[in-house]
Amino acid sequence: MSDDIRRNMALFPIGIVMRLTDLTARQIRYYEQHGLIVPARTSGNQRLFSFNDVERLLEIKALIEKGVNIAGIKQVLLPINKDSEDATVLNEQSEMKRRELTDSQLHKLLKRQLLHERRPGQVSLIQGELSRFFH
DNA sequence: ATTCTTACA
DNA sequence: TGTAAGTA
């Protein structure tokens, strides 16, 4: 899929990303400091963001709005898992015949729950406490 | 006019 | 996080 290069093309400066994400420059730079995003730089040291960067920032924003702190976001966003490869390995893992979840699957599940679902009464497992669910 | 880094509220 | 200062 050569569409990835397009999504990773450094295109827009921070000003545009601010409007696209409704985040302040302060926040965007802060998330970068914590390794949540790694925008490219121009020869003049100016940041250039890609579509992937913007999408990632939107995910970060969603998590922040749900009360997740930087530490928690790192655990949910940093693991750049390869589920496709994971699926293949799963069929060969005779040891875990039972419906146990692979780490990446569990991670994917939690990420989805954290990014979307949110029923009233369901207390969120956020503010770093999320770390207790990862090994 | 925009963005960048640093630093303090 | 906001914002002021001094640059590039």
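Residue numbering restarts at 1 for every chain, and letters A, B, ... go by the order of the sequence lines. Every heavy atom of this structure was used, including side-chain atoms; hydrogens, water molecules and symmetry mates were not. All of these numbers come straight from a predicted model, not from anything done at the bench.
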Looking at dT3(B), I'd like to know if its phosphate oxygens (OP1 or OP2) sit under 4.0 Å from a side-chain N or O belonging to Arg47(A).
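Negative; the distance criterion is not met.
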Would you say a side-chain N or O of Tyr30(A) is under 4.0 Å from OP1 or OP2 of dT3(C)?
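No.
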Rounding to an integer number of Å, can you tell me how far [X] [atom1] sits from [N] [atom2]?
{"X": "Arg29(A)", "N": "dA7(B)", "atom1": "CZ", "atom2": "C1'", "result": "14 Å"}
{"X": "Gln33(A)", "N": "dA7(B)", "atom1": "CD", "atom2": "C1'", "result": "12 Å"}
{"X": "Leu48(A)", "N": "dT2(B)", "atom1": "CG", "atom2": "P", "result": "16 Å"}

Roughly how far, to the nearest 0.5 Å, is the [atom2] atom of [Y] from the [atom1] atom of [X]?
{"X": "Met18(A)", "Y": "Arg26(A)", "atom1": "CE", "atom2": "CZ", "answer": "12.5 Å"}
{"X": "Arg56(A)", "Y": "Ile73(A)", "atom1": "CZ", "atom2": "CD1", "answer": "10.0 Å"}
{"X": "Gln113(A)", "Y": "Leu115(A)", "atom1": "CD", "atom2": "CG", "answer": "11.0 Å"}
{"X": "Ile64(A)", "Y": "Glu59(A)", "atom1": "CD1", "atom2": "CD", "answer": "12.5 Å"}
{"X": "Asp4(A)", "Y": "Phe51(A)", "atom1": "CG", "atom2": "CZ", "answer": "13.5 Å"}
{"X": "Ile28(A)", "Y": "Leu36(A)", "atom1": "CD1", "atom2": "CG", "answer": "12.5 Å"}

For Arg41(A), does the CZ atom have more than 12 heavy-atom neighbours from other residues, nucleotides or ligands under 6.0 Å away?
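More than 12 heavy atoms, drawn from other residues, nucleotides or ligands, come within 6.0 Å of this atom.
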Return the minimal non-hydrogen interatomic distance between [X] and [Y], and the atom names on each side.
{"X": "Leu23(A)", "Y": "Lys61(A)", "result": "CD2-CG, 4.0 Å"}
{"X": "His107(A)", "Y": "Val76(A)", "result": "CE1-O, 2.9 Å"}
{"X": "Pro13(A)", "Y": "Phe49(A)", "result": "C-CD1, 4.2 Å"}
{"X": "Arg29(A)", "Y": "Ile14(A)", "result": "NE-CD1, 3.8 Å"}

Taking Watson-Crick (N1-N3 plus N6-O4 or O6-N4) and G-U wobble (N1-O2, O6-N3), each under 3.5 Å, can you produce the dot-bracket string of DNA chain C? Use [ ] for crossing pairs and | for inter-strand ones.
||||||.|
For DNA chain C, which residues of residues 37-46 of chain A approach it to below 4.0 angstrom with any heavy atom?
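Going residue by residue through residues 37-46 of chain A, none turns out to have a heavy atom under 4.0 Å of DNA chain C.
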Near-strand residues of residues 16-28 of chain A, defined as heavy-atom separation under 4.0 angstrom from DNA chain C
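Listed by number, they are Thr24(A), Arg26(A), Gln27(A).
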